[in-house]
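Everything on this sheet refers to the single structure shown next.
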Amino acid sequence: MRRVLCARGDVVSRQAHLSPAVLLLAGCAGAALAGVAVATGMVFGTAGAWYVVAIVVAGIGVLAAAALHLHAGAEGRRRAGEETVVSYLESLDAAVRLSGGGADRAAEPDTTRRLESVAVGVSRLREIADGVHGVEALFDMRGRLTWISPSIERLTGWSPAACLDAPDALALLVHESDRRYCQRMAQRVAEGSTGEDFEMRLLREDGRICWVASHWRPLGRQGGQAAGLRMSAEDIQARKEAEYKLLETVTELRRAQALRERYLARSNDERQRLSALLNVIRLGILFMDRDHRVLYYNRAMLDIWGFPPDENLIGARDVVLQSRVAELIEQPEAYIEHVDAVVRTHVVSEPYEVRFKDGRIVTDIAALVEAVQGGRGIGRVWIYEDVTEQRRTAQRLVELAEHDPLTGLYNRRRFHEELDRELAEAARRGGEVGLVAIDLDGFKPINDEFGHQAGDEVLVELSRTVGDAIRRNEMFCRVGGDEFCVLVPDAGESELCELARRIVELIDAMRFGFGGRSVGITASLGIAIYPRHASSAEELIAVADQAMYRSKSGGRDQWTMAASCGDESARMKPTETDEPDRRRED
């Protein structure tokens with residue numbers, strides 16, 4: 001059978017080699033006929049008709065040449081197919097010789113037995129091809145598919161027949177993204193490469209893709225040139241999916257690592273910002289863990305407690321800190337008891353005031369740091385504030401609110417507060433409260449002639465002089481411009497009169513030098529006693545003022561007891577000058 005096929009191939013080959021001669025003869029015949037037709041037309045004068053005949057004859061020649069060309073091409077393709085079959089048969093023949101008969105059987109000229117052996121070999125090869133898990137395909141040198149294993153249908157859904165009928169099997173099976181590369185690799189194998197291995201995507205019938213590892217090899221080299229191309233493909237879709245999942249996992253891990261690094265960087269930045277913020281505020285901050293060890297402190301904490309700026313307290317226990325600060329504060333035992341009481345609680349502590357031996361005042365407040373997941377706290381934060389200046393400022397404000405800024409004596413507001421308090425205490429105990437009202441004589445002319453600075457000097461000196469004569473339980477107040485008063489608790493009439501006398505004498509003895517002159521002033525006093533002369537603070541002030549005005553109208557430089565007649569009032573010698581000339585000059 002192989003010999004018959006070879007003989008037929010030789011005949012077809014000779015016919016194919018004769019096809020160019022036939023084409024040449026047909027063309028020449030058509031041209032000759034056309035020339036005869038033209039010449040005849042020129043001789044007999046009917047050139048138009050002969051032109052038509054010439055065209056028809058030339059067309060017939062061209063059609064004949066085309067038919068012969070197509071026939072020769074078909075015979076060539078058929079011969080190539082038969083040559084492929086012959087090569088398959090030679091392979092099968094070799095397989096048959098190897099599998100069974102030995103030399104005697106190979107030499108047997110029985111054609112029937114040979115054909116049966118070939119059929120058996122073909123059947124076995126078909127079974128092998130059907131059982132191939134991967135894809136096997138054969139291509140001619142022009143890249144046209146000539147055979148493909150049935151496993152292509154399992155892998156892609158395309159049947160072998162559909163692949164063979166396709167004008168371009170690679171365009172049908174290979175994904176467009178890998179198609180040009182696959183064709184380029186196949187071309188390299190056809191041009192002499194020993195083989196190309198690469199991965200590509202096959203396009204399934206349902207539109208999905210399938211990754212395969214393809215191996216391209218030359219097929220049956222004859223005379224140094226390959227007779228065709230062989231493509232083997234292995235399904236690696238599962239591996240690719242695993243690679244994709246691994247790649248996604250690696251990508252997620254890298255993304256998580258990048259996020260972690262980013263969050264760590266942001267956390268470090270926030271920590272630096274927080275540390276910078278805590279270091280510039282004036283509050284001392286101390287974080288202790290649940291084991292009572294130092295976790296963090298800022299610079300203000302070191303300053304407040306007198307630690308050196310380079311002191312390292314991280315990890316120090318609270319008892320160590322307490323022992324170091326005990327020598328700095330006035331009452332260390334009380335402070336340690338306060339700390340122990342705060343540690344036993346779980347609420348924010350009340351501000352506690354710590355007084356230092358150097359006069360500073362520091363307050364502390366503590367709060368438990370709660371854990372994120374609940375449970376007992378993870379530590380405690382202590383906040384210290386140096387309130388020394390605040391206390392001083394508050395004291396100064398109190399002094400400004402209760403004291404006269406010029407003389408330093410208690411002002412009218414404080415006088416009324418103390419008067420109400422003393423009257424209430426006297427009413428509760430059944431005691432008495434005396435009030436001495438003082439008004440200066442001749443102060444306005446000094447102020448007008450020598451200026452307010454001179455008047456202020458008179459008031460300051462008077463406050464100092466009279467204040468030295470006031471006892472501890474008595475209160476000397478400035479209630480107006482040149483008006484003063486003395487509040488005397490638990491005093492009788494004789495004691496008040498003695499006090500008024502001393503005040504009058506002290507003021508009368510004062511001398512001031514202004515403009516090269518020595519001037520002096522006097523005072524008019526009025527005395528009232530609660531509850532003898534009045535039953536309330538307002539009445540007591542009014543009664544004392546009335547007594548003081550009686551002293552003025554009676555000649556000044558004297559004192560008068562409220563609700564007393566003239567013989568009950570002790571008087572000093574009045575001045576003989578009127579108000580504008582009340583200043584006494586030496």
Side-chain angles (χ1 to χ4, degrees), residues 84-85 87-88 90-92 94-95 98-99 121-222 225-251:
T84 303
V85 173
S87 64
Y88 293 163
E90 289 177 352
S91 300
L92 292 175
L98 291 174
S99 62
V122 170
S123 176
R124 291 177 181 175
L125 289 177
R126 183 177 292 110
E127 291 178 1
I128 294 173
D130 291 339
V132 171
H133 183 74
V135 176
E136 294 290 337
L138 300 179
F139 295 84
D140 59 17
M141 297 302 293
R142 292 176 296 176
R144 181 175 179 81
L145 180 66
T146 60
W147 180 83
I148 192 167
S149 62
S151 56
I152 190 65
E153 187 170 3
R154 176 192 57 79
L155 188 60
T156 64
W158 296 103
S159 64
C163 297
L164 291 171
D165 293 339
D168 188 351
L170 292 181
L172 176 69
L173 296 175
V174 182
H175 192 270
E176 59 181 356
S177 300
D178 301 332
R179 191 176 303 153
R180 293 178 64 87
Y181 183 77
C182 178
Q183 292 171 348
R184 189 163 61 250
M185 293 299 101
Q187 182 65 29
R188 289 179 59 178
V189 175
E191 292 175 352
S193 174
T194 58
E196 299 293 340
D197 300 328
F198 58 92
E199 296 177 355
M200 65 180 182
R201 287 164 287 185
L202 296 184
L203 189 62
R204 296 174 54 90
E205 187 180 13
D206 56 6
R208 294 182 298 167
I209 63 173
C210 177
W211 278 93
V212 296
S214 63
H215 314 280
W216 288 79
R217 299 290 184 271
L219 181 65
R221 292 187 179 275
Q222 297 178 358
Q225 293 186 353
L229 304 177
R230 175 189 173 187
M231 188 272 290
S232 301
E234 302 170 5
D235 184 5
I236 60 171
Q237 181 65 26
R239 193 192 77 189
K240 277 295 182 181
E241 291 177 355
E243 289 179 357
Y244 285 148
K245 290 181 180 179
L246 180 61
L247 182 60
E248 291 177 357
T249 303
V250 171
T251 302

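Throughout, numbering of the chain's residues begins at 1 and tracks the sequence.
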Check the pair E136 / R230 against side-chain contact (heavy atoms from CB on, under 4.5 Å), numbers first and verdict last. CA-CA 7 Å; E136 294 290 337; R230 175 189 173 187; 3.1 Å; yes
SB check K245 E241 (cutoff 4.0 Å): no
For the CZ atom on R239, are there more than 12 heavy atoms of other groups (residues, nucleotides or ligands in this structure) within a distance under 6.0 Å? yes
Residues F139, L170; criterion side-chain contact (heavy atoms from CB on, under 4.5 Å); working and verdict: CA-CA 10 Å; F139 295 84; L170 292 181; 4.1 Å; yes
Neighbour count >12 (heavy atoms, 6.0 Å) for atom CZ, R154: yes
Could you check if a side-chain atom of V135 sits within less than 4.5 angstrom of a side-chain atom of V212, using non-hydrogen atoms only? no
Without hydrogens or angle criteria, can the side chains of Q183 and Q187 be said to hold a donor-acceptor pair below 3.5 Å? no
Roughly how far apart are D178 CG and R180 CZ, rounded to 0.5 Å? 12.5 Å
Less than 4.0 angstrom from a charged side-chain N to a carboxylate O is my criterion; do E176 and R179 meet it? no
Find the distance between CD1 (I236) and CZ (R201) and round it off to the nearest 0.5 Å. 11.0 Å
Where is the tightest heavy-atom contact between W158 and R204, given as atom of each residue plus distance? NE1-C, 3.7 Å
Check against side-chain contact (heavy atoms from CB on, under 4.5 Å), W216 and C182: CA-CA 9 Å; W216 288 79; C182 178; 3.7 Å; yes
Going from OG1 on T146 to CG on D140, what distance comes out if it is rounded to the nearest 0.5 angstrom? 6.5 Å
What are the two closest non-hydrogen atoms of W211 and Q237, and how far apart are they? N-OE1, 2.8 Å
Do any N or O atoms from the side chain of S214 and from the backbone of F198 form a donor-acceptor pair under 3.5 angstrom? yes
Looking only at heavy atoms, what is the nearest atom pair of C163 and L173, with distance? SG-CD2, 3.9 Å
Check the pair L145 / L172 against side-chain contact (heavy atoms from CB on, under 4.5 Å), numbers first and verdict last. CA-CA 11 Å; L145 180 66; L172 176 69; over 6 Å; no
Before accepting this row, confirm whether a basic side-chain N of the pair D197/R217 lies closer than 4.0 Å to the acidic partner's carboxylate O. yes
Testing the basics here: between I152 and S159, what is the closest heavy-atom pair and its distance to 0.1 Å? CG2-C, 4.4 Å
